[in-house]
*Asks:* 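Below you'll find the structure I mean.
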2 protein chains.
Amino acid sequence: MKPAATALQTAEDSTDTGAQQIRDAIRDAIVERRLSPGTKLSESDVGNLFNVSRTLARAALQALSYEGLVSVEKNRGAFVAYPSPDEARQIFAARRLVEPGILREAAARITPSQIQHLKQLLIAEGRLMGERGQMARRAEIKASGDFHLTLAAISGNAIMQRFMDELVARSSLVIALYGQSTISSCGHSEHGDIVAAIERNDLDEACRLMLHHIAHIEADLDLRERKSVGLKEAFEG
Amino acid sequence: MKPAATALQTAEDSTDTGAQQIRDAIRDAIVERRLSPGTKLSESDVGNLFNVSRTLARAALQALSYEGLVSVEKNRGAFVAYPSPDEARQIFAARRLVEPGILREAAARITPSQIQHLKQLLIAEGRLMGERGQMARRAEIKASGDFHLTLAAISGNAIMQRFMDELVARSSLVIALYGQSTISSCGHSEHGDIVAAIERNDLDEACRLMLHHIAHIEADLDLRERKSVGLKEAFEG
DNA sequence: GTGCAAAATATCGTATACAATTTAGCCGTC
DNA sequence: GACGGCTAAATTGTATACGATATTTTGCAC
């Protein structure tokens, strides 16, 4: 009897179950705003959409509930999370709390090729910034998150990386709900400034910029509501 | 059609499902060391133990997997997490990263009655410290975690609180695995020092003490393995 | 006795079925 | 017309059933 294997990579070795795929698909749909906050995600509907049984649909929804992207209410069903303004503030407070530390860790370990990778992300982000249309906006939100996620990956701490995964996804939800889209472009240059500060090894300045960046995103939120688009339309057609 | 209710308290309103109870029971068993790392938790066995079907047992195990307390391997089964030394280092690195920030937030919001509550925790912890026996040791580990958890609760950020929940639980697992029990008592006085620093509003010192405290715990780890005790014995008799 | 192959066993992955709860519609009464 | 209760439909909670995969055991040859 082997003692539970390596246990270093918890469960990310491969897509161990079909529920993972459904979870990822729904998560992408949420993060990319194809599913609006508050949309009901009935187990039957989800199962039918992906041609699986309710068992897998339920597992996927429960997993998303752990990540804070859907909220399941007892005997009532699952809904795309509808973060309250207070919840939004907590999300960004958490990011202000952890991202400077992650940045310092990442800067201490970063390699030239990783810096190059970050710069490529910046370029892709800038390209998206120039484009118009809802699709470009979605991609821009995702790209903006990828920058922070890559930093977390570079830090080498899998636990913080997973936490940032959650925070970024929920941030996307908050931005989709409350953000005024016109201003998200300024975040790009701030990303560039951070990379520059890392490159010249000015960590204090990099952290300062990071905090400013997060505060800046948070400052650009209003409380307008957006109407849901429905489940089927988000995946079909 | 209501828009998904408040969504502030995500799912903690009440025990919405029997799986939650099983999850909590198993988590307590893990944190209190009644279940040793590496112990196999077959879905059938868990279900039989709690007199529920495999469905609920599976849901509970999956939830614990998300918290990092058990690792599920495809087509092989679930095991109590067996954190590697590297994983242990990451857990404590994460705590060093977030706990000073949580401490600052908590100190900014703390009320006299909450300070009193913290002191009561310290007293209870001290009482446990004096006692002998495995049971007292378990309670001491739990109490030590409660101090950090209470701080997170005071900080008022539910997201960070949940993250600390996970970190503390996994820390208990690491301590149970690698810790040399004789030294955990010194952590108590350090807790007291931190509270004292908070009370006189010396936040820099409090953070310094917190970092020292975490580093101290981490320094007292060796790599000895401990044998599992088996599933049934942990719950029965 | 050792090593390999194949059946047997155990366990997980998924689907389906039934029970319990909530929600919506309907009707009657005030 | 509004409100309260009752029935019916829909949805979730849980259990069971069946198929797939991994592990162990058995058997045989060497």
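Lettering of chains follows the sequences in order, A, B, ..., and the numbering in each one begins at 1. Values reported hereafter were calculated over all heavy atoms of this structure, with side chains retained and with hydrogens, waters and symmetry mates removed.
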*Asks:* Rounded to whole angstroms, how far apart are CD on B:Gln62 and P on C:dC12?
*Replies:* 12 Å

*Asks:* Below 4.0 angstrom from OP1 or OP2 of D:dG13, is there any side-chain N or O of A:Arg58?
*Replies:* yes

*Asks:* Apply salt bridge (Lys or Arg N to Asp or Glu O under 4.0 Å) to B:Glu166 and B:Arg162, showing your working.
*Replies:* CA-CA 6 Å; B:Glu166 178 183 327; B:Arg162 213 165 57 79; 5.9 Å; no

*Asks:* For the pair made of CZ in B:Arg54 and P in D:dT16, what is the distance, rounded to whole Å?
*Replies:* 12 Å

*Asks:* Among the candidates D:dA15, C:dC12, C:dA15, find the nucleotide nearest to the side-chain atoms of A:Thr55.
*Replies:* C:dA15

*Asks:* Between B:Val52 and A:Ala78, name the one whose nearest nucleotide on DNA chain D is closer to the 5' end.
*Replies:* A:Ala78

*Asks:* Taking the side chain of A:Lys40 as heavy atoms from C-beta outward, which of D:dT11, D:dT23, C:dT11 is closest to it?
*Replies:* D:dT11

*Asks:* Rounded to whole Å, how long is the line connecting atom CG of A:Asn51 with atom C1' of C:dA15?
*Replies:* 13 Å

*Asks:* Side chains of B:Arg95 and B:Ser171: do they bring a donor and an acceptor to under 3.5 Å?
*Replies:* yes

*Asks:* Can we say A:Glu218 and A:Arg96 salt-bridge, meaning some charged N sits less than 4.0 Å from an Asp/Glu carboxylate O?
*Replies:* yes

*Asks:* CD of B:Glu43 versus C1' of D:dA17: gap in Å, rounded?
*Replies:* 15 Å

*Asks:* Evaluate the ring planes of A:Phe147 and A:His191, with Trp represented by its six-membered ring, and classify them as parallel (under 30°), tilted (30 to 60°) or perpendicular (over 60°).
*Replies:* parallel

*Asks:* Taking the side chain of A:Asn75 as its heavy atoms from C-beta onward, which of C:dT14, D:dT12, D:dA15 lies nearest to it?
*Replies:* D:dT12

*Asks:* From CD of B:Gln21 over to P of D:dG13, roughly how many Å is that when rounded to an integer?
*Replies:* 14 Å

*Asks:* Just the rounded figure in Å: distance from C1' of D:dT12 to CG of A:Leu61.
*Replies:* 11 Å

*Asks:* Over how many whole Å does the gap from A:Lys74 atom NZ to C:dT22 atom P extend?
*Replies:* 7 Å

*Asks:* Hey, is the side chain of A:Arg76 poking within less than 4.0 Å of OP1 or OP2 on D:dT11, counting only N and O atoms?
*Replies:* no

*Asks:* By nearest atom, which of the nucleotides D:dT14, D:dA22, D:dG13 is closest to the B:Leu56 side chain?
*Replies:* D:dT14

*Asks:* Does the pair A:Lys40/A:Glu73 count as a salt bridge with the N-to-O cut at 4.0 Å?
*Replies:* no

*Asks:* Give the nucleotide from the list D:dA22, C:dA15, C:dC12 with an atom nearest to the side chain of A:Ser53.
*Replies:* C:dA15

